[in-house]
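Presented below is the structure to which this report refers.
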Amino acid sequence: MQVQEILQQLDTLLKNSRLQEADVFLKKQIAAAEQAKDWQTALTLYNEQIGFFRDCGRFPESLAVGEKALECVEKLHLKQTIAHATTLLNVANAQRAAGMQEAALNSYQQVKQLYDALLSPTDGRVASYYNNLSLLYQEMGDWEASCTALEQALQIVTRQSGQEGRVAISKTNLASSLLHLHRVQDALPLLKSALSFFTGLSPSDFHYSAALAAMADAQYQLQDYEQAVWYYEAALSEMELHMGRGAAYQIVQENADHAYEKLGGKPIRKGLELCRQYYETFGKPMLQRMFPDIWEQLTIGLAGEGSECFGYDDAYSQDHDFGAGFCIWVPDEMADEQIAALQQAYNLLPKTYCGITRKTMPQGEHRVGVCRTSDFYQRLLGISGVPKTEQEWLQIEEAQLAAATNGVLFKDSNQAFSKIRNRLQQGYPEAVRLRRLAQETAWMAQRGQYNVPRLLQRNDKLTTMLAFSHFAESAMRAAHLCARSYAPYYKWLLHSTEQLPQGAELAALLQKSTTLPLEQWETEIIAPVCAIIAKQMKEQGISTQEESYMQVHAEAAAQQAALLEQKEALVEKIVRLEFSEFDKVKNEGVRAGCQDDWETFSIMRKSQYLTWELPMLEQYWAELQNASQRGWNLLTEKYARMMASTAPEAYAALKKELPPVSEQKQALCEAIISIQVSWMEDFAKQYPNLAGQARKIHTSEDTEWQTSYETYLRGELLTYSEDLLQAYGAWIVTLYRAGKNLAEQIMTNTVHFYQYSSLEAAEKQVQK
């Protein structure tokens with residue numbers, strides 16, 4: 001039999017914590033060796049089985065196999081050899097674990113005699129003997145003798161190269177003995193050194209749990225009970241992974257319980273908190289250590305399906321797909337081999353944490369672990385990124401959008417993933433939001449205001465309750481739309497509504513349906529709920545109607561959506577024609593790079609025009625078309641007029657070719673500019689990092705190669721007709737009197753195009 005091949009297969013099973021399979025495999029191989037009378041192989045496997053049963057807390061079986069192993073030594077005439085000493089050492093360890101201290105001490109003494117005769121005092125096997133002997137002294141309560149034995153072991157292994165693991169084991173054992181002598185300050189550096197070796201290994205080392213448990217004991221002695229609990233929980237997870245819940249596990253569990261008592265009891269951890277702590281304890285160290293080359297490409301967190309991703313989990317949520325875990329989102333271009341290695345390492349992490357074992361249902365199989373960016377969004381939304389059209393947005397279930405944007409990112413490095421997530425978190429495009437709001441408010445009118453009273457007149461109570469439930473769902477969805485938030489799956493809809501602005505009042509009204517007679521629902525619930533939604537729509541300028549019937553507000557929202565769609569379509573046409581004209585602008589010297597950058601041009605121009613009113617856009621579109629048709633390029637004119645400041649000599653030669661500007665038009669331009677420059681100055685004070693990415697503000701800051709915001713604006717305004725300029729100026733004054741800042745509105749649009757959720761988020765990111 002190929003014993004080395006057998007040991008490699010066994011080692012693979014054990015490293016992957018497949019204990020039951022390892023048990024069956026080992027028994028099968030031993031039976032085959034016995035049947036073949038291959039006693040040399042049998043002896044090797046007996047020794048493996050002694051340790052396996054001991055580590056699993058199956059002490060009678062371990063002792064029985066030990067007797068068979070010693071008989072096999074006799075049969076092979078190996079007494080007084082290293083093989084005999086090795087077997088005796090394993091038997092001694094089994095006796096020690098089973099509480100047979102005198103028998104174990106006798107066996108250890110026999111081992112020592114053999115090692116003295118057969119090995120050099122500096123041999124690594126002698127260090128292993130001292131380590132195991134120290135454990136017996138620990139169980140006998142002779143901590144001084146244990147320390148002496150461990151110091152001897154440490155002296156041996158520290159002199160040997162490539163023995164970092166054995167050094168860490170010896171330091172852990174020595175620290176544990178020192179702690180029983182209350183020498184915590186002597187133990188701490190040993191434990192820190194040991195943990196620096198064990199932490200993050202994949203698969204984790206069998207002895208990691210001992211180092212964690214010892215550090216927990218140290219923190220307990222230092223009265224840092226929060227840290228003690230953290231290390232105890234980590235130790236328990238590792239112990240269960242490698243050994244199951246045996247006697248040693250129960251001891252550590254009791255110690256953890258004592259630490260929790262000091263903290264006032266074991267807290268009920270929410271899923272997100274549990275997963276973050278699990279990631280910080282096991283995931284982050286492993287990923288940083290084992291995958292340093294791709295660490296910066298990973299975004300890690302928890303998001304998707306499941307109540308814990310919304311923060312809505314409770315004691316009843318732990319029946320399925322609940323427990324410690326996290327998602328690792330990787331770029332789509334990452335190689336399959338790297339993804340497979342990541343997933344394998346993730347699979348080797350402990351399955352249980354803080355006493356909770358994740359029970360994965362078939363439909364929850366992909367909720368944690370490694371996932372390509374596009375696969376995550378494809379699974380939830382049916383498309384691999386941000387919807388591109390209104391129709392695509394409307395086809396996605398709102399609950400799926402909520403699932404794609406919930407949760408928390410523990411580490412955010414995968415820019416592709418975050419770019420999609422940030423855009424989705426901004427909510428629906430306004431036209432889509434208004435369409436959905438029109439639909440939900442129309443259903444509120446039809447299901448609640450119209451059908452509930454009629455059904456009650458017919459005394460059809462069951463259908464009345466059905467109609468009301470549909471009304472309640474539409475009302476809560478409408479509340480989410482008013483708050484620019486996605487409504488989650490229906491069973492979490494009430495909880496989510498309670499957390500919205502003014503949502504608590506609406507939710508409380510709907511909950512009254514469980515206590516009020518059906519006959520009071522129309523006046524006590526439906527009417528005030530409709531009033532809340534109607535008020536929010538009026539505050540947002542969606543509806544100006546005073547009617548209590550929600551259908552009129554639905555029609556107002558639909559009309560607003562149609563107008564916005566018309567405006568967005570017109571802005572798209574304007575910007576595309578401008579880019580075509582921009583392409584024809586001739587510069588001094590080489591062609592400007594920005595003339596080939598449609599994406600940036602489109603974002604900048606759309607950000608501006610989307611703030612305009614529709615009549616102004618229609619007028620500018622007509623002027624832009626007219627100029628283009630008669631061969632006059634308004635963009636060439638704009639850049640030429642800027643040269644009055646940036647290149648005065650060249651401008652003097654061009655000036656005669658430009659349309660004349662009346663004094664009245666010039667004065668109006670300067671009045672508008674003074675307001676807009678003041679807005680930009682205010683914006684720069686509030687968002688200095690974003691302002692630093694834009695043009696300089698003042699004409700006085702112009703150079704030949706840099707055009708200021710003021711100069712650019714002047715060049716643009718001077719291309720408008722006097723009629724358009726008058727309309728634009730009146731609009732600017734209206735904004736000014738209302739206390740609105742056009743620069744802030746334009747920059748808000750810009751950062752949204754660049755997938756930031758807000759100006760504040762963009763300001764923070766630019767600062768980095």
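In this chain, numbering begins with 1 at the start of the sequence shown. A quick note: this is a predicted structure, and the numbers were derived from the prediction, not measured.
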Scan side-chain atoms only and decide if [X] and [Y] contain a donor-acceptor pair under the 3.5 Å cut-off.
{"X": "Glu763", "Y": "Tyr756", "result": "no"}
{"X": "Glu581", "Y": "Thr636", "result": "no"}
{"X": "Ser384", "Y": "Ser374", "result": "no"}
{"X": "Asp332", "Y": "Thr373", "result": "no"}
{"X": "Ser721", "Y": "Glu623", "result": "yes"}
{"X": "Glu578", "Y": "Tyr609", "result": "yes"}
{"X": "Arg714", "Y": "Thr699", "result": "yes"}
{"X": "Gln425", "Y": "Thr405", "result": "no"}
{"X": "Glu637", "Y": "Trp632", "result": "yes"}
{"X": "Glu681", "Y": "His698", "result": "yes"}
{"X": "Tyr709", "Y": "Gln676", "result": "yes"}

TODO: Mark yes or no for whether Glu498, through its side chain, and Ala504, through its backbone, hold a donor-acceptor pair below 3.5 Å.
DONE: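 Not at all, since once roles are kept as given, no pair shorter than 3.5 Å links the two residues.
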
- [ ] Please check if atom CD in Gln706 has more than 12 non-hydrogen atoms from other residues, nucleotides or ligands closer than 6.0 Å.
- [x]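 Not more than 12 within 6.0 Å, no.
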
Open item on the list: Heavy-atom count check: over 12 atoms from other residues, nucleotides or ligands less than 6.0 Å from Lys419 NZ?
Closed with: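 No.
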
Task: Non-neighbouring partners of Trp443 that pass ring-ring contact (aromatic ring centres under 6.0 Å, His included), sequence neighbours left out - done: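 ring-ring contact (aromatic ring centres under 6.0 Å, His included) check on Trp443 returns nothing, list empty.
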
Open item on the list: Both conditions, 6.0 Å and 45 degrees, for the charged tip of Lys411 above the ring of Trp295: are they met here?
Closed with: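 Relative to the ring axis of Trp295, which defines the angle, Lys411 lies inside both limits.
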
Using 0.5 Å steps for rounding, measure from the [atom1] atom of [X] to the [atom2] atom of [Y].
{"X": "Cys371", "Y": "Arg379", "atom1": "SG", "atom2": "CZ", "value": "6.5 Å"}
{"X": "Leu724", "Y": "Thr719", "atom1": "CG", "atom2": "OG1", "value": "8.0 Å"}
{"X": "Arg695", "Y": "Asp702", "atom1": "CZ", "atom2": "CG", "value": "9.5 Å"}

Task: Pairing of Arg641 and Glu716 as salt bridge, 4.0 angstrom limit - done: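 Answer for the salt bridge query: no.
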
- [ ] Give a yes or no on whether a salt bridge exists between Lys270 and Glu273, defined as a side-chain N under 4.0 angstrom from a carboxylate O.
- [x]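 Looking at Glu273 together with Lys270, the answer is no, because their closest N to O distance does not fall below 4.0 Å.
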
Task: Candidate list Gln608, Lys606, Met604, test side-chain contact (heavy atoms from CB on, under 4.5 Å), partner Val575, passing option - done: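 Output: one option passes, namely Lys606.
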
- [ ] Mind telling me whether Tyr639 and Phe582 have parallel, tilted or perpendicular rings, with 30° and 60° as the class edges?
- [x]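 Correct class here is parallel.
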
Open item on the list: With salt bridge (charged side-chain N to carboxylate O under 4.0 Å, His left out) as the criterion, how do Arg576 and Glu572 come out once you've worked through the C-alpha distance, each side chain's angles and the decisive distance to 0.1 Å?
Closed with: CA-CA 6 Å; Arg576 289 202 173 273; Glu572 181 70 26; 2.7 Å; yes

